[in-house]
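Here's the structure we're looking at; comments come further down.
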Number of protein chains: 2
Amino acid sequence: MARMEQTGVRTRRRGATLEDALLAAAWAELAKTGYTNFTFDAVAKRANTSRAVLYRRWSSKPKLVRAAIAREIQKDEVVTPDTGSLRGDVIALLTQANGRRVRLAITLLAHLGDYYRATGTSIATLRNSIYGDRESNMETIIERAVARGEVKPGVISDRILRLPLDLFRQQLAMTYAPVPAEEIAGIVDTIFLPLLKAHGAL
Amino acid sequence: MARMEQTGVRTRRRGATLEDALLAAAWAELAKTGYTNFTFDAVAKRANTSRAVLYRRWSSKPKLVRAAIAREIQKDEVVTPDTGSLRGDVIALLTQANGRRVRLAITLLAHLGDYYRATGTSIATLRNSIYGDRESNMETIIERAVARGEVKPGVISDRILRLPLDLFRQQLAMTYAPVPAEEIAGIVDTIFLPLLKAHGAL
DNA sequence: CCGTTAAGGTACACGGTGTATCTTAACGAG
DNA sequence: CTCGTTAAGATACACCGTGTACCTTAACGG
């Protein structure tokens with residue numbers, strides 16, 4: 001700020017400030033029009049600059065998109081819930097994933113195919129960057145439940161551990177919409193907890 | 001055939017014959033280059049014709065792609081397995097899905113994102129066309145198990161019914177590869193059947 | 001204060017889209 | 001078998017987004 005702005009002459013942004021504005025504009029375009037209709041032109045216009053400025057930093061559409069996504073991802077932090085009960089923790093974990101990252105996840109899911117093709121990255125890799133360490137959060141949740149004496153140790157297999165998040169993701173990927181609260185409760189109450197009981201973990 | 005083919009003059013295909021050749025070429029292109037790089041030009045060349053012939057039938061890329069997919073889908077028939085046991089039936093169903101349609105499913109999954117963005121179609125809609133009536137096959141399997149007295153009627157909710165296929169799809173979507181036989185067995189033996197027992201359905 | 005750097009603007013070649021004609025082969029009614 | 005109708009196949013064109021090149025001028029730093 002500060003200095004001047006004499007007679008409508010627009011300040012010229014540089015460096016990190018500019019770069020951040022560019023990526024913000026890119027993300028906005030991505031959310032608005034999607035990957036397919038995403039154009040450098042539109043991003044440039046939205047950021048009040050020209051395509052040259054963009055090309056100078058990101059030489060192709062996938063690269064720019066990836067950068068915009070990366071910036072968006074590192075924005076919010078994942079917290080392991082601690083409600084005092086296994087049921088509460090799992091529901092909280094899914095709800096948190098639902099609320100915070102759905103838009104992000106939806107946008108990403110919509111472009112995973114292309115992304116995969118363009119980079120050769122496995123989907124699982126990208127999944128981790130979307131959902132952060134939720135898998136390990138699940139482990140933490142179980143460990144706490146064991147510590148409370150709520151769950152018997154050593155009987156929960158990997159597959160069962162992944163189950164709630166797998167079902168959550170499945171629904172998200174199928175509907176491209178936030179998962180309703182009652183669906184989340186359903187996953188936990190009619191699938192996950194009964195299954196733990198069946199395996200004698202509760 | 002029959003008539004002639006004088007001095008290298010190429011026969012001019014018409015109607016259904018032509019249309020089938022066009023869609024075959026479109027599918028081949030789709031499998032080769034993916035949705036993003038899919039062009040009318042390439043399809044026309046592969047089918048030894050011109051873009052005009054394509055545009056006359058399908059006015060846009062999504063429409064042509066959808067038609068090509070539809071043609072591919074209706075090629076193979078889905079059969080409800082009947083092995084005499086619930087476990088056998090479910091495993092057979094998943095194995096069948098695995099063997100027959102994985103390539104199709106993988107190709108589609110790899111391009112669904114764009115497709116969705118471009119057309120607004122929900123993934124669930126397309127899913128149904130990919131996996132056919134497997135969901136209703138699952139119902140049939142359960143009904144038979146009930147008839148055999150293997151399963152108690154009325155306790156299996158929709159969500160539980162969908163569970164094996166959901167997990168199967170989840171894994172397919174994450175790995176972009178056929179699901180190994182032991183994973184299929186795992187889904188049935190450590191998740192599905194124990195869950196039925198937990199709900200008192202066995 | 002002046003030289004260097006990079007932002008912002010403009011122009012261009014290229015490739016894919018979608019439309020509009022034009023020709024000519026295939027088909028079908030008489 | 002012939003002739004009129006239909007549609008296949010071939011161009012051509014306007015339009016748009018891409019990626020590159022080049023120029024100018026504002027911002028920064030020694």
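Numbers restart at 1 for each chain; the letters A, B, ... are given by sequence-line order, proteins then strands.
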**Prompt:** Between C/dG8, D/dT11, C/dT17, which nucleotide gets closest to the side-chain atoms of B/Ser50?
**Reply:** D/dT11
**Complete:** 5'-most contact on DNA chain C (nearest-nucleotide basis), B/Arg14 vs A/Arg57, goes to A/Arg57
**Request:** Could you check A/Asp89, A/Thr140, A/Asn137 and say which one makes a side chain to side chain donor-acceptor pair (under 3.5 Å) with A/Thr80?
**Result:** A/Asn137
**Message:** If you assign each of A/Thr39 and A/Ala52 to its closest nucleotide in DNA chain D, which residue comes earlier from the 5' end?
**Reply:** A/Thr39
**Prompt:** Is there a side-chain contact between A/Thr190 and B/Leu195 (heavy atoms, below 4.5 Å)?
**Reply:** no
**Item:** A/Leu18 CG to D/dC28 P, straight-line distance once rounded to whole Å
**Value:** 12 Å
**Message:** For a quick check, tell me whether the side chain of A/Arg56 and the base of C/dG8 share a donor-acceptor pair closer than 3.5 Å.
**Reply:** yes
**Sidechain-backbone polar pair: B/Thr39 side chain, B/Ala42 backbone, donor-acceptor under 3.5 Å** = yes
**Message:** What is the distance, to the nearest angstrom, from the NZ atom on B/Lys61 to the P atom on C/dG16?
**Reply:** 11 Å
**Request:** Would you kindly check whether a donor in the side chain of A/Arg51 faces an acceptor in the base of D/dG19, or vice versa, at under 3.5 angstrom?
**Result:** yes
**Request:** Starting from C1' on D/dA12, measure out to CG on B/Asp41 and report it in whole angstrom.
**Result:** 14 Å
**Message:** Tell me the interatomic distance from B/Leu64, atom CG, to C/dT17, atom C1', rounded to whole angstroms.
**Reply:** 13 Å
**Message:** Whole angstroms only, please: what is the CZ-C1' distance between A/Phe40 and D/dC16?
**Reply:** 16 Å
**Message:** Would you say B/Thr49 places a side-chain N or O within less than 4.0 Å of OP1 or OP2 belonging to D/dA8?
**Reply:** no
**Message:** Whole angstroms only, please: what is the OH-C1' distance between A/Tyr55 and C/dC12?
**Reply:** 14 Å
**Message:** Ignoring hydrogens and geometry beyond distance, is the side chain of A/Arg13 in donor-acceptor contact with the base of C/dA7 at under 3.5 Å?
**Reply:** no
**Prompt:** Does a salt bridge link A/Glu183 with B/Arg159, judged by any charged N lying under 4.0 Å from a carboxylate O?
**Reply:** yes
**Message:** In this structure, how many angstroms lie between the P atom of C/dG15 and the CG atom of B/Asn37, rounded?
**Reply:** 14 Å
**Prompt:** Within the distance-only criterion (no hydrogens, no angle test), does the side chain of B/Thr95 pair as donor or acceptor with the backbone N or O of B/Ile91 below 3.5 angstrom?
**Reply:** yes
**Prompt:** Rounded to the Å, how far apart are B/Leu54 CG and D/dA10 P?
**Reply:** 12 Å
